[in-house]
Amino acid sequence: MIPNALHHEWHGDPDSPNPPLLLLHGGGSTIASNWGLLLPRLAPTRSVLAVELQGHGRTATGDGPASFERSADDVAALLATLHCGPVDVLGFSNGGQVALQLAGRHPAAVRRLIVASAPFRRSGMVEGFWEGLAAGTFDDLPAPYRRADLAVSGDPDHARRMFHLDRDLMLGFQDFPDELLDAVTATTLVVVADRDVVRVQEGVELASRLADARLLVVPGNHGDYLGEVLASGGDDAALRRALPFLVAHLDAR
């Protein structure tokens, strides 16, 4: 049995010479809603492991509150059970914060890292973000997220629990400590969009703070460049523009 019962799926070419690529989704998301447009473009060239984090999709809420540290440890336990490390990692938004925690807490598990649209400090979000989140209710959860969650959970109340888990997770977010960032040894690409909810300057600061990192600023919003369902609206144009840069980072030796 997989530790902590994280739902996971393998996609792509199991015989690829490239290291496996681990995908960590953002808040409110499932594998399909975050990566549905990206997976077919990666599948021909690599083996891809996609997970659903605590309380998302087919993964149970479990006992105790969510945290980025807990999710990172859950993912590390999954990788150990599957005997597939070190892996490359692409984490988006909340998944990017989990990816940073994974690379810092379990550096031997991560080869190359992409941190996409993820803050490492509370000040990294655009003006009004925290106030809007604090005032938010389940009614504000966009319909595409509700539909995607229901499609895999089969439980109309699951999305409500997911919303509150994610809201509490982000409201409790604290700046990443220096020692965590110092422990990240993976070669990293920090990605932020020019109309993101994460400030471009936050990406600049994160890339400069890590030991081996570069910054990529893409035209777009919070996730359209990855094909995320809400951000892209099903249009893969931004994804097609950004993907060569992401693959080049992963393929570099």
Side-chain angles (χ1 to χ4, degrees), residues 8-13 16 18-53 56-57 87-100 111-119 126 142-149 151-152 166 186-200 202-204 206-207 213-252:
H8 64 284
E9 302 173 0
W10 285 102
H11 296 258
D13 180 6
S16 170
N18 294 308
L21 173 63
L22 170 68
L23 299 180
L24 300 174
H25 62 74
S29 298
T30 65
I31 292 170
S33 67
N34 206 141
W35 310 116
L37 293 181
L38 179 63
L39 279 167
R41 293 182 174 274
L42 293 174
T45 59
R46 64 192 70 238
S47 179
V48 183
L49 175 63
V51 304
E52 286 172 339
L53 298 171
H56 292 76
V87 297
D88 293 338
V89 182
L90 165 55
F92 166 66
S93 195
N94 283 9
Q97 292 166 285
V98 174
L100 265 179
R111 188 190 75 105
R112 298 184 82 86
L113 175 64
I114 301 175
V115 178
S117 296
V126 297
Y145 291 161
R146 299 188 195 208
R147 290 193 296 267
D149 185 79
V152 293
D166 280 338
T187 299
T188 303
L189 181 66
V190 177
V191 188
V192 65
D194 61 353
R195 290 181 282 117
D196 218 315
V197 298
V198 179
R199 300 178 192 270
V200 171
E202 181 77 345
V204 174
L206 179 57
R214 300 188 70 176
L215 173 69
L216 172 65
V217 180
V218 298
N221 60 35
H222 188 65
D224 63 349
Y225 62 92
L226 295 174
E228 195 272 345
V229 63
L230 182 65
S232 71
D235 183 350
D236 69 353
L239 169 62
R240 287 186 282 109
R241 290 193 297 266
L243 187 58
F245 296 97
L246 308 183
V247 171
H249 172 73
L250 297 174
D251 286 349

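Here the structure is a predicted model, which is why all the values come from computation and not from measurement. Only this structure's heavy atoms are used, side chains among them; waters, hydrogens and symmetry mates stay out.
Side-chain contact between S47 and D13 is absent, with no heavy-atom pair separated by less than 4.5 Å. Proximity of D196 to S117: side-chain heavy atoms (C-beta onward) are separated by under 4.5 Å at one or more points. By the 4.5 Å heavy-atom criterion applied to side chains, P20 and L49 are not counted as neighbours. In this structure, the side chains of D88 and L113 stay at 4.5 Å or more apart for every pair of heavy atoms.
A distance-only check finds a donor-acceptor pair linking the side chain of R111 to the backbone of L250 [under 3.5 Å]. A side-chain donor-acceptor contact under 3.5 Å links S232 to the backbone of G234.
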Inset, instruction - Carefully, step by step, assess Y225 and V191 under the rule side chain to side chain contact (heavy atoms under 4.5 Å, CB included). - result: CA-CA 10 Å; Y225 62 92; V191 188; 3.6 Å; yes
Inset, instruction - Would you please test I114 and V190 for side chain to side chain contact (heavy atoms under 4.5 Å, CB included) and show each step? - result: CA-CA 6 Å; I114 301 175; V190 177; over 6 Å; no
Legend entry - Stepwise side chain to side chain contact (heavy atoms under 4.5 Å, CB included) test for W35 and E228: CA-CA 6 Å; W35 310 116; E228 195 272 345; over 6 Å; no
Legend entry - side chain to side chain contact (heavy atoms under 4.5 Å, CB included) assessment of R41 paired with D236: CA-CA 11 Å; R41 293 182 174 274; D236 69 353; 2.9 Å; yes
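Atom CD of E52 sits about 6.5 Å away from atom CD of E9, to the nearest 0.5 Å. To the nearest 0.5 angstrom, L100 atom CG is 7.5 Å from T188 atom OG1. Put simply, OG1 on T187 and CZ on R112 are 4.5 Å apart, with the number rounded to the nearest 0.5 Å.
Residues L226 and L38 come closest through the heavy atom pair O-CB, 3.8 Å. L215 and A207 get closest at one heavy-atom pair: CB-CB, 4.0 Å. Of all heavy-atom pairs between A99 and G91, the closest is CB-CA, 4.2 Å. Across every non-hydrogen atom of G57 and V152, the tightest pair is CA-CG2, 3.6 Å. Across all their heavy atoms, V198 and A118 have their closest contact at CG2-N, 4.0 Å. Considering every non-hydrogen atom in both A231 and G223, the closest pair reads CB-C, 3.6 Å.
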Can you give the donor-acceptor pairs under 3.5 Å from side chains of residues 21-32 to other protein atoms, not counting sequence neighbours?
{"from": "H25", "atom 1": "NE2", "to": "L53", "atom 2": "N", "distance (Å)": "2.9"}
{"from": "S29", "atom 1": "OG", "to": "G26", "atom 2": "O", "distance (Å)": "3.4"}
{"from": "S29", "atom 1": "OG", "to": "G27", "atom 2": "O", "distance (Å)": "3.3"}
{"from": "T30", "atom 1": "OG1", "to": "A32", "atom 2": "N", "distance (Å)": "3.4"}
{"from": "T30", "atom 1": "OG1", "to": "S33", "atom 2": "N", "distance (Å)": "3.1"}
{"from": "T30", "atom 1": "OG1", "to": "S33", "atom 2": "OG", "distance (Å)": "3.3"}

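Residue pairs meeting the side chain to side chain donor-acceptor pair (under 3.5 Å) criterion with at least one member in residues 241-252, sequence neighbours excluded: R46-D251.
In summary, the side chains of D166 and H56 do present a donor paired with an acceptor at a separation below 3.5 Å, with no hydrogens or angles considered.
Applying the salt bridge (charged side-chain N to carboxylate O under 4.0 Å, His left out) test to D224 and every residue at least two apart in sequence or in another chain returns nothing.
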